[in-house]
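The structure under discussion appears below in the form of structure tokens.
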Amino acid sequence: MSLFVKICGMTTPAAVSAAVACKVDAIGFVFAQSVRRVTPRRATELAAPARHQVACAAVMRHPTRAEVDDVLREFRPDFLQTDIEDLDTLGLPRELAVLPVLRPGPKPACAIPRRVLFEGPVSGSGRTADWDAAADLATRFEVILAGGLNAGNVAAAVRHVRPFGVDVSSGVEESPGIKNTAMIEQFVAAARMAALEQS
């Protein structure tokens, strides 16, 4: 099975084009507080060329139900990514696909689904997640590893964690919030090569 690759924090048409050209599995649009935050309307415009080629994710953190409803109505994501504890309180539509985010700390009270994104304490900060904890989790769940990844360390991360997938944002940026197309290409190539070596 090939490695799932997601590029998060899309803010420009060039970044979307580069991700699609690299045949990534998903791209993320951030609706939480961040330098990468976009409006549902802007996300819809940016995502249009990528629809039906890659999955388009709505990335949120502790949103209100009204905020979720706005994003669902206008952006129509393929899946919603938010912290796992949000899922118990939001009352989301049953047909909505979700990717829960797990962070370091106490285990969540709710059941952990089959596929999760394992992240550092603060999304988009460039801080590396706990690879040992991620590797332990990856023996029982489909873990998408995020947090501080870049073209220089993703191969080591894949070898150490053996994740289902990887997710990058700041690690492919030339300045905060602005993706670099060459860095996207280098990251995807390094991640997929490392996955091939593990198979």
Side-chain angles (χ1 to χ4, degrees), residues 1-10 15 18-19 22-30 32 34 36 54-61 77-87 97-108 110-173 177 179-180 183-199:
M1 186 163 55
S2 63
L3 186 75
F4 179 97
V5 178
K6 174 171 166 277
I7 310 292
C8 200
M10 295 284 128
C22 289
K23 293 182 167 50
V24 302
D25 299 280
I27 54 178
F29 297 85
V30 177
S34 168
R36 302 165 190 90
V54 301
C56 295
V59 179
M60 308 185 84
R61 187 176 189 194
D78 293 305
F79 64 91
L80 172 70
Q81 175 183 315
T82 193
D83 285 45
I84 193 166
E85 59 266 29
D86 297 339
L87 301 182
V98 295
L99 177 62
V101 177
L102 289 182
R103 299 179 191 275
K107 290 185 178 179
C110 55
I112 300 174
R114 182 162 164 261
R115 184 176 300 172
V116 296
L117 186 136
F118 187 83
E119 172 68 285
V122 181
S123 301
S125 67
R127 292 176 57 187
T128 306
D130 183 340
W131 290 0
D132 288 336
D136 178 64
L137 202 64
T139 63
R140 291 166 287 135
F141 302 96
E142 291 183 348
V143 170
I144 299 172
L145 179 67
L149 297 178
N150 54 56
N153 68 6
V154 69
V158 169
R159 286 192 292 268
H160 188 98
V161 177
R162 300 183 74 89
F164 171 81
V166 291
D167 185 354
V168 66
S169 184
S170 62
V172 291
E173 290 181 347
K179 301 286 185 282
N180 179 290
M183 292 170 75
I184 290 174
E185 293 164 2
Q186 291 160 8
F187 177 87
V188 175
R192 294 223 159 112
M193 182 60 69
L196 282 173
E197 292 169 355
Q198 296 296 301
S199 60

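For I184 against A15, the heavy-atom pair with the smallest separation is CD1-O, 4.0 Å. Taking all atoms of both residues into account, the shortest heavy-atom contact from P100 to L87 is CG-CD1, 3.7 Å. Across every non-hydrogen atom of S34 and V30, the tightest pair is CB-CG1, 3.9 Å. The two residues D25 and R192 come nearest to each other via the heavy atoms OD2-NH2, 3.3 Å. Nearest heavy atom pair, residue A157 against residue P163, reads O-CD, 4.3 Å. In this structure, F118 and A133 approach most closely via the heavy-atom pair CZ-CB, 3.9 Å.
Rounding to the nearest 0.5 Å gives a distance of 9.5 Å between CG of D86 and CE of M60. The structure places CZ of R36 at 10.5 Å from CE of M10, a figure rounded to the nearest 0.5 Å. With values rounded to the nearest 0.5 angstrom, F164 atom CZ is found 11.5 Å from L117 atom CG. Here R140 contributes atom CZ and I112 contributes atom CD1; the two are 7.0 Å apart, rounded to the nearest 0.5 Å. The CG atom of L99 sits 10.0 Å away from atom CD1 of I84, with the distance rounded to the nearest 0.5 Å. Here CD1 of I144 is found 9.5 Å from CG of L3. Values are rounded to the nearest 0.5 Å.
In this structure a side-chain-to-backbone donor-acceptor pair under 3.5 Å is present from N153 to N150. Between the side chain of D78 and the main chain of C56, a donor-acceptor pair closer than 3.5 Å is present. Within the 3.5 Å criterion, the main-chain N or O of V101 finds no donor-acceptor partner in the side chain of D83. Between the side chain of K179 and the backbone N or O of C8, at least one donor-acceptor pair lies under 3.5 Å.
Using a 4.5 Å heavy-atom cutoff, the side chains of V98 and T82 are not in contact. Side-chain contact between I7 and V188: present, with at least one pair of heavy atoms (C-beta onward) separated by less than 4.5 Å. Taking 4.5 Å as the limit, some side-chain heavy atom of H160 sits within range of a side-chain heavy atom of D132. No side-chain heavy atom of V59 sits less than 4.5 Å from a side-chain heavy atom of P77.
Residues satisfying the ring pair (Phe, Tyr, Trp, His ring centres under 6.0 Å) criterion with F141, sequence neighbours excluded, are absent altogether.
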Full working for side-chain contact (heavy atoms from CB on, under 4.5 Å) between L137 and V116: CA-CA 9 Å; L137 202 64; V116 296; 4.0 Å; yes
